[in-house]
Each structure stands twice: as C-alpha cells, then as structure tokens.
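Chain letters run A, B, ... following the sequence lines, proteins first, then strands; residues in each count from 1.
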Number of protein chains: 2
Amino acid sequence: MSIAAKAARPERAAAEEDYRLEDHIGFVLRKANQRHLALFSARIGDLTPPQFAALARLEEVGETSQNQLGALIAMDAATIKGVIDRLKTRGLVELDTHKQDRRRLVVRLSAKGRETLARLRPLAFAITEETLAPLTGRERASLMRLLAKIG
Amino acid sequence: MSIAAKAARPERAAAEEDYRLEDHIGFVLRKANQRHLALFSARIGDLTPPQFAALARLEEVGETSQNQLGALIAMDAATIKGVIDRLKTRGLVELDTHKQDRRRLVVRLSAKGRETLARLRPLAFAITEETLAPLTGRERASLMRLLAKIG
DNA sequence: CTGATATCATTTGCATACGAATGAATTTGC
DNA sequence: GCAAATTCATTCGTATGCAAATGATATCAG
C-alpha cells in the first residue's frame, strides 16, 4: 500500500498496517528450521537432529552424565532424558550409574553408536551444505556468524 | 589441537576431529530459536509464537479456512488444528463451517482476539528487537535477509 | 554430626511439529 | 452424471521442548 493510500485510510492504525510476520525474527527462524529439518529427515530418516547432536557431542567429550550432556547441547533435563531413552532403546548408547555419585546416570557411546555416527557424519555435512545452498560462500559464513551471535 | 598434534594421532580420523556441532546450521538455528522463545515467553507469557502468528495472519487476511491459515504461516493441517483449538477455547477466534463448502472450517478473529493482538503487537516488536540486540543494524538486516533466503 | 541446601534425574502437563491413515465433501474427467 | 481424484479436516503416533513438582542422593554450615 502506498503512503498516499495509507493516509487515505486513517481508520487503520499504522501499527496494524506495518506489522509483517516476515519481518520478525521468530517467524523466519521457524521457517528456516523447518526447511533444515525436512532436508535432514530426507537424508537421515532414522535419526533426529537432537539425537544426532547427542551422539556427536558424546563422541567429542567421552562419557558424561545425562544432564551434563544435555547442557552441552542446550537441552534441559526433561528433554535430554527422552532423547537418551530412545538412543538407549536402539542400542546406540549405554548407561550406568556413577560409582561415586549414585544420582548420576553415566552415558556412553556404544560400538553401534560409534559406527552409526561414523556412517552419518558425511551426511550431516551434506545436509548443512544443502540447507545453505541458496547462499554464496560469503553469505554462509555471515549467516553462521550472526546466528552464533544471537544464539 | 594443533596440526602437529593431529599428525601425531593418526588413529583419529580427520572427519571426527573436524566435526563441530557449532559449525552446522541446524544446531545454531536451534539455539537461536531457543533464545528467541525464552525472550518471547518472558514478555508474552500467555501466548506462544505460533498462536501469535496465527492471530496476526488472521487479521491480515480476514477470515479463511483453517488449513489455508496454516499454509499462510507454514503449519501443516495437524499442527494448525491444535493451535486453533486452543485459540478457540480462549475465545480469541471464532469458527464456522463454510456455507458453500461444508468441508471447510472458517476461522475469524473475535473482538477479544483483535484487542489481544493490538495489545501484544508492540511487545512483538520489542521481542524481535531484544532477540537481535547483539547485532548492529546492518547485521540485523543481513541476518533477516539470509534467513529469508534459506527459509 | 545433622539440618538446610543443592544437585541429578524423573515425572507430569502442556504446546508445537510432522507423517500417515481416515472420513467427509467437492471437483474433475470421461 | 458418475467414478476417480482431490481437498479439508481429524485422529493417531512419535519426538522435541519447557515449566514445575518430586524423590533420591550428596554437600555444606554450624
């Protein structure tokens, strides 16, 4: 709508006219996430991004407690529990109670988990590549940097 | 780890060493989303971003069918149903079956929904502002543009 | 040593989110 | 005009994601 047209319809407030969902970060983040998820599940159908993140971080840091692992991938206690439960059911991780502190649940990659991770890692790179495909190299670096800044 | 140290441990593959969750778009998108959600719920506690998006789009386009509204904010039929159900329960939208096509469920903002939207819209701007606070003006524009490109 | 505090994990409740299956109603193709 | 295909909505199942409450264990303060 032109400025002239806006002036001609004073009954509609400027706040209403100028509000566009597309200009709000939450909306565009949600859509970008959506597209990434679709690409992820197309390539890695039998594992979700959070599950993959848990396995990847677990290989990085070796065994840790369940909550600590959650903290390392930004998941609260309730969420990481479900993720670990499902990975355990599928034999990708192993669990043990901590020797000194019986509150803790020690999580460890199983051999199968390690193999799965090795197999899927190349796909993860491909997914990131594919998600960023609409961007130039410079734009990709810029996007990653800016997202890291607000995350 | 230095390049020399890497060379000294050939048993660990380069793919493993170089894989960093932080370099993958899915992980940083998830974290950015998380921070936005926290800021949103701190300011608008009684409405979620999807619910807000539905109300905002509804005011933009006037009445539409439930699925059509979902399409306009990138939600599939199953998801938009839950959102509309909750908005309906709270009296923010009104529902009717379409006169000509009895399959369709026509969704409309209620007076209360319109008031709620008018009240919350300024907060939505503040939330976007706050989420993007770590960035300069130029960076904000850049981030929005790049996200729109991959979304 | 012991009561207060803190930490770890679990559970419950609620809200997205999507795939797949289903049923109802409409439109299309012939 | 009627069978086939399509569209709209609903339901079910699974998986995050977070807040709040709870229980078990560990640590700290006095």
* To do: When you get a sec, tell me which of dG19(C), dG17(D), dA19(D) is the closest nucleotide to the side chain of Ala78(A)?
  => dA19(D)
* Asked: Expressed in angstrom and rounded to an integer, what is the separation of Lys31(B) atom NZ from dG17(D) atom C1'?
  -> 15 Å
* Side chain to side chain, Thr64(B) and Val106(B), heavy atoms closer than 4.5 Å -> no
* Which pairs count as ring-ring contact (aromatic ring centres under 6.0 Å, His included) when at least one residue sits in residues 89-115 of chain A, sequence neighbours excluded? -> none
* Nearest-angstrom distance from the residue atom CG of Asn33(A) to P of dA17(C) -> 9 Å
* Go through the structure and list residues passing ring pair (Phe, Tyr, Trp, His ring centres under 6.0 Å) with Phe27(A), not counting sequence neighbours. => none
* Asked: According to the salt bridge (Lys or Arg N to Asp or Glu O under 4.0 Å) rule, which pairs have a member within residues 27-38 of chain B, sequence neighbours left out?
  -> none
* What does Thr48(B) touch in the nucleic acid at a heavy-atom separation under 4.0 angstrom: a base, only the sugar-phosphate, or nothing? -> sugar-phosphate
* Asked: Mind checking whether Ile73(A) and Ile127(A) sit in one hydrophobic cluster, side chains of I, L, V, M, F, W, Y counted as touching below 4.5 Å?
  -> yes
* Considering heavy-atom distances to DNA chain D, does Pro49(A) or Asp85(B) have its closest nucleotide positioned more toward the 5' end? -> Asp85(B)
* Rounded to the nearest Å, what distance is computed from the CZ atom of residue Arg86(B) to the P atom of nucleotide dA15(C)? -> 5 Å
* For atom CD1 of Ile44(A) and atom C1' of dT16(D), their distance in whole Å -> 17 Å
* Nearest-angstrom distance from the residue atom CD1 of Ile80(B) to C1' of dA15(C) -> 13 Å
* Asked: Is the distance from OP1 or OP2 of dT16(D) to the nearest side-chain N or O of Gln51(A) less than 4.0 Å?
  -> yes
* Separation of Leu37(B) atom CG from dC14(C) atom C1', in whole Å? -> 13 Å
* Structure fact -> Expected string for nucleotides 2-9 of chain D under the B/S/- scheme (protein heavy atoms, under 4.0 Å, primed atoms plus P, OP1, OP2 as sugar-phosphate) is -----BSB
* Would you kindly give the CG-to-P distance between Asp96(A) and dA9(C), to the nearest whole Å? => 13 Å
* Asked: Excluding sequence neighbours, so at least two apart, what forms salt bridge (Lys or Arg N to Asp or Glu O under 4.0 Å) with Glu139(A)?
  -> Arg145(B), Lys149(B)
* Asked: Can a side chain N or O of Gln34(B) be found less than 4.0 Å away from OP1 or OP2 on dC18(D)?
  -> yes
List the atom pairs, donor and acceptor, that lie under 3.5 Å between side-chain atoms in residues 65-72 of chain B and the rest of the protein, sequence neighbours left out.
{"from": "Ser65(B)", "atom 1": "OG", "to": "Gln68(B)", "atom 2": "N", "distance (Å)": "3.2"}

* Within this structure, what is the CZ-to-C1' distance between Arg30(B) and dT16(C), rounded to whole angstrom? -> 15 Å
* **Pairwise 5' ranking along DNA chain C for Val83(B) and Ala38(A), keeping only the more 5' one** => Val83(B)
